[in-house]
Amino acid sequence: MIDPRLLRDDPDTLREAQRRRGASPDLVDELIAADEQRRHSIAAFEAVRSEQKNLGKLIPKAKGEEKQALLAQTKELSAKVKEAEAAQAEAGQAFDALLRALPNPASTDAPEGGEDDFVVLDTVGTPRDFAAEGFEPRDHLELGRILGAIDTERGAKVSGARFYYLTGAGARLELALTQLAMNTASEWGFTPMIPPALVKPSAMEGTGFLGQAADDVYHLEKDDLYLVGTSEVPLAAYHSDEILDADSLPRRYAGFSPCYRREAGSYGKDTRGIFRVHWFDKVEMFVFTTPEEAAAEHERLLGWERAWLDALELPYRVIDVAAGDLGLSAVRKFDCEAWIPTQERYREVSSASNCTQFQARRLDIRVREGDSVSPLATLNGTLCAMTRTIVALLENGQQADGSVRLPAALHPFIGEVLEPIT
RNA sequence: GGAGAUGUCGCAUAGUGGCCUAGUGCGCCCGCCUGCUAAGCGGGUUGAGGUUCAAACCUCUCGCGGGUUCAAAUCCCGCCAUCUCCGCCA
């Protein structure tokens, strides 16, 4: 959530930010009204409560008729206090609900508009020319079959559509990627983490996933727990309700966890293979830092994502995501998209978001700098989403006989070439 | 899953309805004293919110949420967490 003071100090900026996202500025005005209502009810409650406390102090000292009179007076007051308290709580909750629905105002650096209004920042590497090499590239599912690496038929049999088994070389490839990613992140100064993938509503809500993205989240009704769609959730909530010393920042964590996504509203999209699935594993980078450092850290996260794709020798481009496509929490987002030969286009494999103080306010994570305590900034970025990375590696590294040549960085973990099994 | 115990300020502890505006010790911060250090002395030390130019004042905060009461750290109910024991289990 945003700093509520902005509603009083700079509502025009908030209205403009809503417009840039393609959202309605009316919410801002509803919030201003709700804030006034809330403050009014707080003042009313505090006035009667204060009176009640003062009278209460007199009672033990009073005697006889005087005491009886006081008791009658306070009894009446007690009802008023209860009423005022209830009104205050209600106004507070109404305000809070609205406040949590307001997205983080997009950075003015983010392109205006929706999903298609991104700006390409850079393009790296050259897609292979399979025609020149004299063969038609196979897609990752076909390669997965030849290599004995991916089994979607049995995934569907056991768990349903958009599930898969990684088998043999596929399983080994994920483990190799995981090892390389965790080792690399460690070298960069990240603390490796294996967080819980099942979290309480507060963690899910705090990271902003129960807003417009709620339909995409798996919920276990019986236990009121959520399956995380990314380890961003447990990593962000890791320091919830804590105050961190400024000199302990930045804190950088690399979390490895499964990710569960309902993929509501994506029926018919990417139905072939394992590009879009209900579950995959991922190594995610997460940073707690000061608000002043957030923008610079965002660039660093992008730099690490690029270094990772460079190490995997994949052709990719970097886009600056438009304001309307940022989600609830981010002020700016960079996506890295790897070239997928059989789709003849770039597809998202990683994403780096600057959430400034938005998540920290919801999760109550603060930094102490000298005498002041204030919400810190959180950022997250994909290091390696396994399934999409496997898709990219197989398709880009394939050879005419169906074998796949792997990037040098992976050789120590899995060898140089994946060979067909038959 | 069953039984019991515990949950108070950074830490440790006191507090069984109104002198709690939560005391004390440790730690930490500021100052005094002192060849230096230690000790000693004095002061400060949760966080959030409201009124306000400000100063100041006020409200909330004793695991969380309800309730009883004129009044709750204290009594009652529910939940959560931790510990001990039993059962089950990778």
Side-chain angles (χ1 to χ4, degrees), chain A residues 1-10 31-100 194-206 220-226 234 237-249 251 257-258 288 290-291 357-376:
Chain A
M1 73 187 128
I2 61 152
D3 183 348
R5 264 181 271 272
L6 285 176
L7 289 168
R8 281 177 258 170
D9 298 344
D10 197 7
L31 266 164
I32 289 169
D35 186 34
E36 265 167 36
Q37 176 78 30
R38 174 185 72 100
R39 281 151 57 210
H40 183 77
S41 68
I42 287 172
F45 162 69
E46 289 185 356
V48 285
R49 176 64 178 154
S50 185
E51 194 183 345
Q52 182 188 41
K53 285 178 75 169
N54 285 327
L55 280 180
K57 277 180 202 162
L58 301 176
I59 287 175
K61 294 172 196 151
K63 294 210 172 69
E65 272 182 37
E66 195 190 348
K67 185 159 187 168
Q68 291 311 311
L70 274 174
L71 282 176
Q73 204 181 339
T74 47
K75 186 148 192 167
E76 196 180 318
L77 196 55
S78 173
K80 281 189 197 165
V81 169
K82 276 213 170 86
E83 207 175 296
E85 188 174 23
Q88 181 217 226
E90 197 181 326
Q93 280 164 15
F95 174 71
D96 197 56
L98 281 177
L99 187 63
R100 283 171 184 269
I194 300 183
L198 214 48
V199 301
K200 297 198 269 190
S202 56
M204 212 55 166
E205 209 284 329
L220 304 188
E221 193 86 36
K222 200 170 177 183
D223 302 283
D224 198 18
L225 289 171
Y226 291 89
Y238 184 65
H239 285 303
S240 55
D241 299 319
E242 293 182 25
I243 299 175
L244 306 178
D245 281 326
D247 57 20
S248 75
L249 302 178
R251 296 201 191 203
S257 82
F288 299 87
T290 59
Q357 297 167 295
F358 190 84
Q359 293 177 330
R361 272 208 184 80
R362 294 168 155 241
L363 292 165
D364 196 20
I365 312 171
R366 289 165 290 172
V367 53
R368 188 191 306 280
E369 281 179 287
D371 291 336
S372 79
V373 172
S374 56
L376 48 67

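We name chains A, B, ... by the order of the sequence lines, and we start the count at 1 in each one.
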Under 3.5 Å, which donor-acceptor pairs do the side chains of residues 46-53 of chain A form with other protein atoms, sequence neighbours left out?
residue	atom	partner	partner atom	Å
A:R49	NH1	A:Q52	OE1	2.7

Output every pair passing salt bridge (Lys or Arg N to Asp or Glu O under 4.0 Å) with a member in residues 359-370 of chain A, not counting sequence neighbours, ordered by first then second residue.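 For residues 359-370 of chain A: A:D3-A:R361, A:E205-A:R362, A:D364-A:R366.
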For [N] versus [M], give the span between their [atom1] atoms, rounded off to a whole number of Å.
N     : M     : atom1 : answer
B:A39 : B:C64 : P     : 36 Å
B:C29 : B:A38 : P     : 11 Å
B:G63 : B:U13 : P     : 14 Å
B:A12 : B:C28 : C1'   : 15 Å
B:C62 : B:C75 : C1'   : 16 Å
B:C11 : B:G67 : P     : 30 Å
B:U45 : B:C57 : P     : 13 Å
B:A22 : B:C9  : P     : 13 Å

With RNA chain B as reference, determine whether A:N54 or A:A43 sits nearer its 5' end, using the nearest nucleotide of each.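 Going by which nucleotide is closer to the 5' end, it is A:A43.
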A:R368 vs A:R39, nearer the 5' end of RNA chain B by closest nucleotide: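 Checking each residue's closest nucleotide, the 5'-ward one belongs to A:R368.
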Taking the six-membered ring of A:F288, is the NZ or CZ of A:R251 close enough (under 6.0 Å from the centre) and on axis enough (within 45°)?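 Pair A:R251/A:F288 does not count as cation-pi.
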A:D224 with A:K200: basic N within carboxylate O range, under 4.0 Å: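 The answer is no: the pair does not qualify as a salt bridge.
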Pairing check on [N]: which nucleotide meets the Watson-Crick or G-U wobble criteria with it, both distances under 3.5 Å?
N     : answer
B:U34 : none
B:G49 : B:C58
B:A73 : none
B:G23 : B:U13
B:A3  : B:U84
B:A90 : none
B:U68 : none

Which residues satisfy the ring pair (Phe, Tyr, Trp, His ring centres under 6.0 Å) test with A:Y238, sequence neighbours excluded?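 Listed in chain order: A:Y253.
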Applying ring pair (Phe, Tyr, Trp, His ring centres under 6.0 Å), name anything that partners A:Y226, two or more places apart in sequence or on another chain.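 Ring pair (Phe, Tyr, Trp, His ring centres under 6.0 Å) list for A:Y226, sorted by chain: A:H219.
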At 4.0 Å (heavy atoms only), tell me whether A:Q52 reaches a base, stays on the sugar-phosphate, or touches nothing.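 Result for A:Q52 = sugar-phosphate.
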Assign A:R361 to base, sugar-phosphate, or nothing according to its heavy-atom contacts below 4.0 angstrom with the strands shown.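 Contact class for A:R361: none.
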Contact interval (first through last nucleotide) of RNA chain B with protein chain A, 4.0 Å heavy-atom: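 So the outermost contacting nucleotides come out as B:G18 to B:A71.
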Enter the distance from A:D223:CG to A:L198:CG here, rounded to the nearest 0.5 Å.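 Output value for this atom pair is 7.5 Å.
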Kindly list each side-chain donor-acceptor pair under 3.5 angstrom involving residues 76-92 of chain A, sequence neighbours excluded, with atom names and distances?
none

